[in-house]
Amino acid sequence: MFSKQRTEIKRLKSKQTIERLFSEGTHLGKRPMKLVCDTQKGGGLALGFGVSKRMFPRAVDRNKIKRLMREQYRIVCSDTSYTPIEGNGFFIYNSRELPSLETIEKAMLPLVKRWVDLQ
RNA sequence: ACCGCAGGCCUCCUUAUCGCUCCGCCUUGGCGGAGAGGAAAGUCCGGACACCAUAGCGCAGCAUAGCGGGUAACGCCCGUCGCUCCGAUUUAUCAGAGUAGGACCAGUGCAACAGAAAGCAAGUACAGUUCGGCUGUAGUGAAACCAGGUAAACUCUAUGCGGUGCAACGCCAUGUAAACCAACGUUUAGGAUAGCGCGUCCAAGUUGGAGGGUAGGCGGAUUGAGCGAUGCAGUAAUGCAUCGUCUAGAUUAAUGAUAGGGCACGACAGAAUCCGGCUUAUGGCCUGCUUUUUAU
RNA sequence: UGGCCUAUGGUGUAACUGGCAACACAUCUGAUUUUGGUUCAGAAGAGUCUAGGUUCGAUCCCUAGUAGGCCAA
């Protein structure tokens with residue numbers, strides 16, 4: 001995944017690590033998104049994306065939002081001012097309105113910056 | 001042309017750059033290939049597959065219901081008969097649509113109001129009469145001496161149905177029990193199963209043996225009652241034969257972004273074990289048929 | 001993924017085996033009171049979640065859908 005970039009990004013798959021991330025990780029909020037992250041070294045960068053079923057009952061909308069968030073993180077990585085991160089992160093979209101790529105960008109940039117500051 | 005009905009097809013296309021999931025090749029980052037639906041949905045039916053004697057047998061229970069056929073199977077599909085509806089007129093026909101349509105000569109129940117009377121009977125008024133009673137008419141009602149009506153009332157008849165579900169189930173690895181297996185022992189009391197009876201299984205203790213559960217990973221998992229073409233059989237659903245073809249397989253869960261062009265300016269909507277149906281949501285195009293109106 | 005249940009005035013509940021949809025609270029009007037509350041008298045407000053079917057006639061029986069809720073792993 002993102003193999004040409006400076007850092008390799010893994011998919012966050014394990015149920016155990018996700019549960020530990022949510023109980024021990026740092027919770028950052030910026031409307032309409034939320035980031036749960038830690039700074040665990042050695043494992044590289046692993047990311048997950050989630051949308052509440054309560055907010056969007058249709059699967060088509062949930063898939064769309066997750067694709068938009070993935071795309072936006074890819075754009076963030078390709079930027080020249082990006083500094084590599086190590087750890088686990090989970091992005092959650094937390095609003096009832098269907099977003100555009102711009103609103104995702106406005107929310108994600110400060111979240112990533114605060115995550116970098118934690119390193 | 002409009003309305004209604006039936007059947008079939010498609011689900012924005014294309015170019016460039018970057019990016020995602022799986023597979024193959026060389027090899028450690030490149031190349032090549034493939035990548036959501038007709039409903040993937042609701043979970044309403046039917047199977048495949050897997051495990052379980054707490055799985056068996058009988059009763060009970062549940063489902064289906066003209067007749068004939070198709071199918072792995074079905075509550076599905078096809079044909080056909082009857083009944084009902086629709087619009088029309090030729091008043092008995094038609095394009096169509098619907099139809100849980102077996103049996104009240106086995107038994108039980110039910111029928112508000114009205115009515116003399118709604119079920120082991122009793123009996124109103126008038127007329128006729130062969131004056132024994134019978135026959136006809138009236139009035140109430142959805143239905144009235146006639147082996148009445150009602151089974152989407154209980155029930156009966158025929159046919160079918162064991163249960164649980166891929167988070168089934170199998171393997172790997174970690175490896176501590178009060179948990180497992182076999183033998184001995186023993187009360188026949190209690191417990192176990194969607195209901196009941198029979199059956200079956202089960203405890204504490206001793207000895208010996210063996211490796212389980214949970215968290216995690218892998219398999220199950222995509223080549224199948226598959227799809228397409230042609231021919232034959234059949235009114236049709238469908239079946240058979242030959243040839244061709246491989247078409248998602250994820251597991252916090254893959255299809256996007258940017259720029260350019262075109263048009264009808266894109267509806268409903270995203271696979272999670274897999275098939276056959278049904279139902280619901282929904283954009284566009286084509287073909288055929290009935291009725292009506294207009295024109296020729 | 002699989003299974004189960006519910007829906008009736010604004011709210012909470014009834015309606016027996018199919019036969020005029022009932023009750024309480026809330027609302028409104030009037031009386032009592034200096035005023036308000038309490039109390040008393042009266043009124044309005046539904047066609048039973050939606051669409052079909054069976055029936056002479058459905059809240060009730062059957063089928064399909066909609067919305068909400070619950071359970072197991």
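The model shown is predicted, which means the values in this text are computed figures rather than measured ones. Chain letters run A, B, ... following the sequence lines, proteins first and then strands; every chain starts at 1.
- The partner of B:G160, taking Watson-Crick or G-U wobble pairs whose two distances both stay under 3.5 Å, is B:C62.
- With a cut-off of 3.5 Å on both pairing distances, the Watson-Crick and G-U wobble pairs of RNA chain C assemble into stems of 3 or more at C:1-7 with C:66-72, C:10-13 with C:22-25, C:27-31 with C:39-43, C:49-53 with C:61-65.
- Between A:D61 and A:K64 there is no salt bridge, since no side-chain nitrogen of the basic residue lies less than 4.0 Å from a carboxylate oxygen of the acidic one.
- The partner of B:U273, taking Watson-Crick or G-U wobble pairs whose two distances both stay under 3.5 Å, is B:A48.
- With a 3.5 Å ceiling on both atom-pair distances, the Watson-Crick or G-U wobble partner of B:A259 is B:U15.
- The shortest distance between side-chain heavy atoms of A:F91 and A:Y73 falls below 4.5 Å.
- Distance noted for atom C1' between B:A112 and B:A142: 12 Å (whole Å).
- Comparing C:G52 with C:G10, their C1' atoms are spaced 31 Å from each other, to the whole Å.
- If you check every strand for non-hydrogen atoms under 4.0 Å, A:R62 touches nothing.
- Following rounding to the nearest Å, A:R70 (CZ) and B:G19 (C1') show an atom-to-atom distance of 11 Å.
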What protein N or O atoms touch nucleotides 34-40 of chain B N or O atoms at under 3.5 angstrom, if any, and at what distances?
none

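- Under the Watson-Crick and G-U wobble criteria, each requiring two contacts below 3.5 Å, nucleotide B:A233 is paired to B:U238.
- OP1 or OP2 of B:A257 sits under 4.0 Å from a side-chain N or O of A:K64.
- Base pairing of B:U245: its partner is B:G226, meeting the Watson-Crick or G-U wobble criterion (both donor-acceptor distances under 3.5 Å).
- A donor-acceptor pair is defined here as one N or O able to donate and one able to accept, closer than 3.5 Å; such a pair exists between the side chain of A:D38 and the backbone of A:N88.
- Taking a pair to require two hydrogen-bonding distances under 3.5 Å in either a Watson-Crick or a G-U wobble arrangement, B:A142 remains unpaired.
- Nearest-nucleotide assignment on RNA chain B puts the 5′-proximal partner with A:F90, out of A:R58 and A:F90.
- Taking atom P on both nucleotides, B:U11 is separated from B:A36 by 11 Å, rounded to a whole Å.
- One can place CZ of A:F49 at 15 Å from P of B:U251, the figure rounded to the nearest angstrom.
- Neither OP1 nor OP2 of B:G19 sits under 4.0 Å from any side-chain N or O of A:R74.
- B:A221 makes up no base pair with any nucleotide shown, lacking Watson-Crick or G-U wobble contacts both under 3.5 Å.
- Atom P of nucleotide B:G19 and atom CG of A:L68 are separated by 19 Å, given to the nearest angstrom.
- Under the Watson-Crick and G-U wobble criteria, each requiring two contacts below 3.5 Å, nucleotide B:C5 is paired to B:G288.
- Straight-line distance from the CD1 atom of A:I104 to the P atom of B:A257: 12 Å, rounded to whole Å.
- Of all the heavy atoms in A:K30 and A:P110, the pair that sits closest is CE-CG, 4.1 Å.
- A:R114 contributes no side-chain N or O that, together with a main-chain N or O of A:L28, makes up a donor-acceptor pair within less than 3.5 Å.
- Between A:V51 and A:K66 there is a side-chain heavy-atom pair separated by less than 4.5 Å.
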